[in-house]
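Here is the naming used below: chain letters follow the sequence lines, and residue numbers restart at 1 for every chain.
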2 protein chains.
Amino acid sequence: MPDGRSGSGRYSHAMARRGSYAKGIAKREEILAVALERVATQGFRRTSIRDIAAAVGLTQAGLLHYFDSKDELWVAVLRRRDDADRAAQWDAPDLASLLAAVVRHNAEVPGLVQLFVNLSAAAATDPEHPAHGYFRERYESSRARMTADFQAMQADGRLRSDLEPEELASALLAVADGLQIQWLYDPTRDMAEHVELVTRLAMAEVTART
Amino acid sequence: MPDGRSGSGRYSHAMARRGSYAKGIAKREEILAVALERVATQGFRRTSIRDIAAAVGLTQAGLLHYFDSKDELWVAVLRRRDDADRAAQWDAPDLASLLAAVVRHNAEVPGLVQLFVNLSAAAATDPEHPAHGYFRERYESSRARMTADFQAMQADGRLRSDLEPEELASALLAVADGLQIQWLYDPTRDMAEHVELVTRLAMAEVTART
DNA sequence: GTCTATATTGCGATAGAC
DNA sequence: GTCTATCGCAATATAGAC
């Protein structure tokens, strides 16, 4: 994505075209930022397209010029979060620990959890939903990367050898997702703790247990 | 998981009258059955109360005489499923196995899974949602009963003693919920298998492992 | 190109007639 | 108990102003 920000003031005709383009990009970024801020602070359910539009000085129809639909906007917000998480460089020895770290961080951003839970549910039941492809691919790639990581860990003897890496990957992602829901109903639940519990169970242990 | 509560007994005010009481009950049951059938065949998102009403020979307003709102109707459908699950008398040695059995059965009824996933997500983010109380209590009671079961299993030496029973209960429910979503995106995933994987990891083992 | 204004559609919900 | 009629809302589509 071009990052060029237009200067303010008057433009020649040519500048105006480039300027308008850059302005459009900037506006799009502003919408994403505001959408994230609104959903984070006032919750998913209470954040309508009209709210966001008003907060960036547009009408609802004006906003939908930048995103084809409300759901496309939400997908863009989630992609942005994915990018931020990827850029954050958590220090985790493996992908299971990374998942726990990301989950721990998510507890600070309830609005995003609300968004994720609602959108993933809505898109799951409708193949035509704008977010369907996003989630499908996200699960597939997360599972694939984790599976590879677990295979390596089994080769190193860090992970129990008597379980299917892919099944464990699915199960860990599921714990993270399922706990998000329980956590929304009861915020005293510690999401990351549960991911770590299952991870711990899957780790090869040196010490005997009772 | 079946929930320990009486399920099917929410009637709207008008039902309390004598007169055609039995007929009213029968109609209500018919609506529940048809609602289940519609959501199962055409999916949750595309099932409006107008659809259901037409299928039972009523208008939308006529149907809402029996249920205060669309979401109340969905809750009644889910309570009915809980009742049926409870009545089914699965032969399972413990609640973790029971959960796996119920989950395995759920795979035969995708429409109900869609309904559960969507409604639990929508109600999670809105305390005023008609289904919020239902899910909150359902999670709480399922977790409580499972926790008690796990404590007994630890006393018997059937379960690893180095983990929190309540945490394990939460995690198992979360695996079941999270896998529902992954399964909706990719029906080749075996939901029950994953529940059993985590259960197996938590069980005390007699044999040595690698 | 970017945006506003307007129209249309479909939904759940409600009021009141019978 | 069920209807007709209508409301308000959200999402979307389109025409055309600038």
Side-chain angles (χ1 to χ4, degrees), chain A residues 2 4 6 8 10-31 35 38-39 44-75 118-119 122-123 126 128-131, chain B residues 11-31 34-35 38-39 42-77 118-119 122-123 126 128-131:
Chain A
S6 74
S8 47
R10 300 245 156 85
Y11 313 87
S12 70
H13 185 63
M15 284 298 291
R17 274 181 37 219
R18 287 203 317 151
S20 293
Y21 177 74
K23 187 184 162 216
I25 298 291
K27 196 70 179 177
R28 205 185 130 97
E29 288 302 306
E30 185 193 352
I31 292 169
R38 300 300 271 188
V39 85
F44 171 74
R45 194 189 67 92
R46 290 186 185 76
T47 306
S48 71
I49 287 287
R50 280 185 168 85
D51 286 335
I52 301 168
V56 294
L58 288 178
T59 63
Q60 185 219 23
L63 188 151
L64 286 181
H65 177 255
Y66 294 94
F67 300 90
D68 291 342
S69 71
K70 180 196 182 187
D71 290 324
E72 298 274 11
L73 168 59
W74 291 137
V75 173
N118 276 275
L119 208 63
D126 177 13
E128 305 303 308
H129 192 288
Chain B
Y11 308 101
S12 76
H13 52 292
M15 297 298 305
R17 307 184 61 119
R18 300 180 301 109
S20 46
Y21 182 75
K23 187 190 163 212
I25 298 288
K27 195 70 180 176
R28 204 187 131 96
E29 288 302 305
E30 186 192 351
I31 293 170
V34 167
R38 300 299 276 184
V39 85
Q42 63 184 20
F44 172 75
R45 195 166 169 266
R46 290 189 181 78
T47 305
S48 69
I49 47 176
R50 277 183 170 89
D51 288 334
I52 301 168
V56 295
L58 286 178
T59 62
Q60 182 225 19
L63 189 152
L64 286 181
H65 174 72
Y66 293 92
F67 300 91
D68 292 341
S69 72
K70 182 198 185 186
D71 289 325
E72 298 273 12
L73 168 59
W74 291 138
V75 173
V77 169
N118 276 275
L119 209 63
D126 177 14
E128 304 303 308
H129 193 288

Looking only at heavy atoms, what is the nearest atom pair of [X] and [Y], with distance?
{"X": "A:Thr59", "Y": "A:Ala53", "value": "O-CB, 3.3 Å"}
{"X": "B:Ala55", "Y": "B:Val34", "value": "CB-CG1, 3.6 Å"}
{"X": "B:Leu73", "Y": "B:Leu63", "value": "CD2-CD2, 4.2 Å"}
{"X": "B:Val39", "Y": "B:Phe44", "value": "CG2-CA, 3.5 Å"}

Pairing residues for A:Glu72 by the salt bridge (charged side-chain N to carboxylate O under 4.0 Å, His left out) criterion, not counting sequence neighbours: none
Residues that B:Arg50 engages under salt bridge (charged side-chain N to carboxylate O under 4.0 Å, His left out), provided they are two or more places apart: none
Per-nucleotide protein contact string for nucleotides 11-18 of chain C, where B marks a base within reach and S marks sugar-phosphate only (heavy atoms under 4.0 Å, - for neither): BBBB----
Side chain to side chain donor-acceptor pair (under 3.5 Å) partners for B:Ser48, two or more places apart: B:Asp51
DNA chain D: stems of at least 3 consecutive Watson-Crick or G-U pairs whose donor-acceptor distances fall under 3.5 Å: C:1-18 with D:1-18
Expressed as a whole number of angstroms, how long is the span from [X]:[atom1] to [N]:[atom2]?
{"X": "A:Leu58", "N": "C:dT2", "atom1": "CG", "atom2": "P", "answer": "12 Å"}
{"X": "A:Leu73", "N": "D:dA10", "atom1": "CG", "atom2": "C1'", "answer": "15 Å"}
{"X": "A:Lys27", "N": "C:dT2", "atom1": "NZ", "atom2": "C1'", "answer": "11 Å"}
{"X": "A:Leu63", "N": "D:dA11", "atom1": "CG", "atom2": "P", "answer": "11 Å"}
{"X": "B:Phe67", "N": "D:dT2", "atom1": "CZ", "atom2": "P", "answer": "12 Å"}

Summary of salt bridge (Lys or Arg N to Asp or Glu O under 4.0 Å) pairs that have at least one residue in residues 58-71 of chain A, sequence neighbours excluded: none
Residue-phosphate contact under 4.0 Å: A:Thr59 side-chain N/O, C:dT4 OP1/OP2: yes
